[in-house]
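Here's the structure we're looking at; comments come further down.
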Amino acid sequence: MSRFLLKIFSSSFLLILVTLIIKIPVFLSKHLQEDSFITWRVARNLLQYGVIGFNGDERISASTTHLYMGISAIFQMIFGGNFIYPVLVFSSILFAIGSIWIGKILFSHDVLKRGFFVILFNMTPPALTASCLGMEYGILFFLDAGLIYYGLFKDRRWAFVLFPILLVWTRIDAVIFLGVIFLADLVIRRKINFIFMLGGILGLVSVLAFNFFYFGEFVNHTITAKKLAYKNLTPNHEPRYFFYQWAYYGGLIKKHAWWTLAIFLAFLGFLAYAFSRILSGNAKISFRIKVILVAVVVFALLKMAIFSVMKAYFDWYYWLPRLFLFIPVLYYFLNIFRWRKRLWIPSVFLAFFGLYIFQLWQSFTIGYMEEKQRVQIAKDLKAENSGMNRSIILEPAGIIPFYTGLYTYDEVGLVNKRINDEMVKDEKFWWMNSVRDFKPDYILTISKKPGGLYYHMKPEDLKYFDANYRLVKTYPISEVHRNAPEILSWIYKIRPIGKDYFLYKKL
């Protein structure tokens with residue numbers, strides 16, 4: 001058995017193939033992150049109109065990632081409308097390569113442990129979400145791992161220039177990662193790495209300059225729009241709420257509760273114990289590896305804390321921080337923890353297989369919900385001869401605008417600055433003012449009758465809405481839950497995800 005595993009684990013190609021086989025069920029779940037469709041529509045817009053934007057010839061940095069948007073455009077150019085699975089496989093391959101690089105750092109001379117690390121690591125929930133849901137995080141992890149492996153571990157000069165530039169072009173918030181790795185490099189070298197500084201400066205300056213000269217703003221519009229739209233999202237500013245948020249997004253359990261925080265703190269306690277063993281003098285581990293392990297955990301906890309304080313309520317921001325926390329955990333179990341081999345290998349595998357099933361179950365529930373609701377809305381709209389000559393106001397701006405091609409006004413203003421202008425002019429009645437000013441052909445709401453707490457209206461607005469729009473179809477989430485297969489309906493009972501949608505059409 002060991003000889004067979006050694007043959008697989010010693011071949012990077014076979015190891016990558018195993019990780020892809022692991023991820024096939026996630027691909028089949030049809031679980032794709034909503035915001036990935038925004039990036040893919042921007043990429044399509046670039047191919048069709050020659051403009052980086054969302055609505056034809058209007059320039060806007062609606063995607064948070066320039067590099068992944070460009071890669072998506074290449075895949076759409078090659079595969080056309082069938083690009084999604086190829087780009088997901090590409091992302092998963094890059095993720096697997098990154099995990100192999102981390103494995104080579106931690107287990108340079110132990111092929112068996114390295115192989116187990118790569119497979120178990122790719123089975124974790126954040127690994128599956130980062131590489132399989134269509135966002136840029138598979139590529140981002142590949143670049144993170146490349147900087148750690150070729151920069152910190154192998155000390156290749158080119159890595160300190162190339163990877164920082166690519167990282168910042170993938171996501172501008174990668175500067176947090178670069179800052180932590182710069183400090184780790186300083187600890188290892190005991191002197192300032194000016195080449196690393198040059199790479200970081202070139203990356204940041206080039207992105208900011210591109211944003212300014214192409215879009216007329218230094219940072220991506222998505223950052224500006226979210227800051228404006230969500231500034232009053234959470235009135236609760238108590239420290240307790242921050243810790244609940246921290247545990248909610250830092251951990252794997254999606255419940256705002258004291259026991260979620262308790263479980264996350266218990267995990268951090270175990271992580272501290274594992275580090276005490278890893279950093280102890282008895283453990284024969286090189287100083288460089290110890291610094292790398294500390295650095296990835298510092299980055300993970302720092303980014304979680306920063307984004308929680310900034311009230312960044314989007315789960316994908318925390319995928320990589322969660323992922324990096326699994327690196328020292330796996331290293332502890334594979335290299336420090338002492339059990340009989342016949343016991344610990346099956347036990348660790350069983351634990352991580354449980355996490356794998358946990359994420360797979362969630363992915364199928366979300367994929368089923370999206371297919372039966374938002375994808376169905378897109379199909380209904382597309383059947384009415386949709387396209388850029390017709391418009392819609394809705395939230396979110398991913399799946400439905402991507403499949404329909406409608407000119408889009410989203411309620412956050414991510415893809416259309418006119419919405420943000422309305423928010424600035426009238427913080428309370430911006431939605432109804434947008435309806436009056438833009439006269440969209442379709443309106444998709446989460447309230448059957450606009451005019452409540454979310455869609456503020458004056459009495460004359462209600463008359464205007466009734467005179468110009470009619471409700472054409474409802475999409476109740478309860479119906480999706482009720483008709484779901486029994487194995488999925490259990491999740492809906494525990495965590496009733498989703499919302500009702502109501503489609504209005506202009507008379």
Which distance, rounded to the nearest 0.5 Å, do you find between the [atom1] of [X] and the [atom2] of [Y]?
| X | Y | atom1 | atom2 | result |
| --- | --- | --- | --- | --- |
| Glu395 | Leu444 | CD | CG | 10.0 Å |
| Leu14 | Leu5 | CG | CG | 11.5 Å |
| Ile399 | Leu32 | CD1 | CG | 7.5 Å |
| Asp155 | Ile188 | CG | CD1 | 9.0 Å |
| Leu394 | Thr404 | CG | OG1 | 8.0 Å |
| Lys303 | Leu301 | NZ | CG | 13.0 Å |

Do [X] and [Y] have side-chain heavy atoms sitting under 4.5 Å apart?
| X | Y | value |
| --- | --- | --- |
| Leu106 | Ile327 | yes |
| Leu271 | Pro328 | yes |
| Leu279 | Val294 | yes |
| Asp185 | Phe160 | yes |
| Phe79 | Ile84 | no |
| Trp319 | Leu323 | no |
| Val42 | Thr39 | no |
| Pro126 | Tyr318 | no |

Indicate yes or no for a side-chain donor-acceptor contact from [X] to the backbone of [Y] under 3.5 Å, with no hydrogens or angles considered.
| X | Y | result |
| --- | --- | --- |
| Tyr85 | Phe27 | yes |
| Ser29 | His31 | yes |
| Ser91 | Val87 | no |
| His481 | Leu488 | no |
| Asn193 | Ile195 | yes |
| Asn483 | Glu479 | yes |
| Tyr492 | Thr365 | yes |
| Tyr331 | Leu293 | no |
| Thr124 | Phe121 | yes |
| Thr65 | Thr170 | yes |

Taking [atom1] in [X] as the centre, count heavy atoms belonging to other residues, nucleotides or ligands within less than 6.0 Å. Is the count above 12?
| X | atom1 | value |
| --- | --- | --- |
| Phe353 | CZ | no |
| Lys113 | NZ | yes |
| Phe13 | CZ | no |
| Arg157 | CZ | no |

Measure from NZ or CZ of Arg277 to the centre of the six-membered ring of Tyr332, then state whether that distance is under 6.0 Å and the direction lies within 45° of the axis.
no
Check for me whether Arg189 meets the cation-pi criterion with Phe182, that is, NZ or CZ under 6.0 Å from the six-membered ring centre and within 45 degrees of the ring axis.
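Arg189 over Phe182 ring: no.
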Please evaluate residues Ile446 and Lys499 with respect to the criterion side-chain contact (heavy atoms from CB on, under 4.5 Å), reporting the C-alpha separation (whole Å), side-chain torsions for both, the decisive distance (0.1 Å), and the verdict.
CA-CA 7 Å; Ile446 55 173; Lys499 59 189 71 172; 3.3 Å; yes
Distance-only polar pair, side chains of [X] and [Y], donor-acceptor under 3.5 Å:
| X | Y | answer |
| --- | --- | --- |
| Tyr68 | Trp40 | yes |
| Asn122 | Ser99 | yes |
| Arg171 | Tyr137 | yes |
| Gln76 | Ser72 | no |

Measure up the [X] and [Y] rings against each other and bin them: parallel (under 30°), tilted (30 to 60°), perpendicular (over 60°).
| X | Y | result |
| --- | --- | --- |
| Phe270 | Tyr273 | tilted |
| His66 | Phe210 | perpendicular |
| Phe37 | Tyr403 | tilted |
| Phe142 | Phe163 | perpendicular |
| Phe326 | Phe267 | tilted |
| Phe141 | Phe324 | tilted |

Side-chain ion pair, Glu34 and Arg374, N-O less than 4.0 Å:
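Answer for the salt bridge query: yes.
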Should Arg322 and Asp315 count as an ion pair when the cut-off is N to O under 4.0 Å?
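Counted as a salt bridge, because a side-chain N and a carboxylate O are separated by less than 4.0 Å.
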When you look at Leu355 and Met123, which way does the side-chain contact (heavy atoms from CB on, under 4.5 Å) test go after all the steps?
CA-CA 7 Å; Leu355 292 174; Met123 290 171 64; over 6 Å; no
Among Tyr317, Phe314, Trp316, find the one that has a ring pair (Phe, Tyr, Trp, His ring centres under 6.0 Å) with Phe307.
Tyr317
Taking Phe9 as the fixed residue, which of Phe116, Phe4, Phe107 is the one that meets the ring pair (Phe, Tyr, Trp, His ring centres under 6.0 Å) rule?
Phe116
Name of the residue among Leu143, Leu167, Leu140 meeting side-chain contact (heavy atoms from CB on, under 4.5 Å) with Leu67
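When Leu143, Leu167, Leu140 are each tested with Leu67, the side-chain contact (heavy atoms from CB on, under 4.5 Å) holds only for Leu143.
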Can you name the one residue among Ser63, Pro401, Ser36 that meets side-chain contact (heavy atoms from CB on, under 4.5 Å) with Arg41?
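Among Ser63, Pro401, Ser36, the one that satisfies the side-chain contact (heavy atoms from CB on, under 4.5 Å) with Arg41 is Pro401.
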What is the minimum heavy-atom distance between [X] and [Y], and which atoms define it?
| X | Y | result |
| --- | --- | --- |
| Cys132 | Val26 | CB-CG1, 3.6 Å |
| Asp500 | Gln373 | CA-NE2, 4.3 Å |
| Ile93 | Leu20 | CG1-CD1, 3.9 Å |
| Val219 | Thr224 | CG2-OG1, 3.9 Å |
| Leu178 | Phe196 | O-CZ, 3.9 Å |
| Val329 | Leu325 | CG2-O, 3.4 Å |

When you look at Gln376 and Glu371, which way does the side-chain contact (heavy atoms from CB on, under 4.5 Å) test go after all the steps?
CA-CA 6 Å; Gln376 184 59 49; Glu371 191 70 18; over 6 Å; no
Side-chain polar contacts of residues 144-152 - donor-acceptor pairs under 3.5 angstrom, sequence neighbours left out - could you list them?
none

Working for side-chain contact (heavy atoms from CB on, under 4.5 Å), residues Phe83 and Ile78
CA-CA 8 Å; Phe83 78 94; Ile78 296 171; over 6 Å; no
